Amino acid sequence: MRVDVLRNVFARNEAAAAENRRLLDQRRIVCINLLGGAGSGKTTLLEAVMPRLRGHMRVAVLEGDLATTRDADRIAALDVPVVQLLTDGGCHLNATLVQHGLARLPLDEIDLVVIENVGNPICPANFDLGEHARIAVLSVAEGSDKPSKYPLLFKEARLVVITKCDLLAMTDFDLDQAMRDIRRINPDALVIPTDARGGRGIEDVAQWLRSRCRVGADVECLNVMG
Ligand code: MG
Ligand code: ZN
């Protein structure tokens with residue numbers, strides 16, 4: 001019985017994800033799913049990167065959280081269109097909730113939608129939201145053992161951003177080990193160490209997003225880029 005329920009949930013999610021992707025492709029909007037544990041620095045990364053996209057592309061954000069609009073407020077402060085998706089305690093976003101979020105955005109005026117998933121290194125990775133690519137975030141504060149412990153988060157990501165590298169000297173985080181483990185799990189992912197406060201790697205992340213989303217370019221073509 002329980003297996004049937006889960007299967008239905010995934011089947012419904014896959015259908016909604018396919019609808020989202022169709023809508024986004026029609027509108028030539030690139031969509032990125034940003035995943036990582038609570039406190040890994042996803043919102044801070046967006047705050048650092050968004051100003052570097054201005055003038056290159058029009059960006060909107062869907063903010064996933066269990067409760068509060070705190071992260072959406074931070075994005076709105078950057079003058080970026082944002083919709084808060086509240087899961088009311090749910091530990092991941094699903095494609096149906098994203099569908100409702102997309103319906104609230106001015107899609108004619110958007111080239112890139114970033115979905116910040118609920119802070120959780122585990123189950124969000126199981127749910128296709130209709131995105132074209134995933135970015136996985138790992139913070140130095142979480143520890144360099146996490147890629148091996150949460151491989152699915154990293155397996156599906158095109159880009160892995162290691163955040164809070166300003167803490168490297170204060171922790172026993174082994175950057176080489178983390179990079180090796182990520183490459184073993186996902187040889188195709190690009191890995192960028194960053195520090196949002198000092199600015200390390202932020203331009204590289206912005207450049208990756210800009211190259212994914214040349215305005216007027218063929219979305220289909222961009223999707224197959226590594
Ligand atoms: Mg956040
Ligand atoms: Zn969940």
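Predicted, not measured: the structure shown is a model, and the values here were computed from it. In listed order, ligands and their atoms are each counted from 1.
Contact annotation: T43 places an N, O or S atom under 2.8 Å from the Mg ion (ligand 1).
Between D71 atom OD2 and E116 atom OE2, the angle centred on the Mg ion (ligand 1) amounts to 120° (nearest 10°). Our summary of the site lists the angle at the Zn ion (ligand 2) between ND1 of H92 and SG of C123 as 120°, to the nearest 10 degrees.
Under a cutoff of 6.0 Å and an axis angle of 45°, R212 and W208 form a cation-pi pair.
Between E203 and R210 there is a salt bridge, since a side-chain N of the basic residue sits under 4.0 Å from a carboxylate O of the acidic one.
Under the 3.5 Å distance criterion, with hydrogens and angles disregarded, no donor-acceptor pair is assigned to the side chains of D174 and S144.
For the atom pair L24 CG and L129 CG, the distance stands at 10.5 Å (nearest 0.5 Å).
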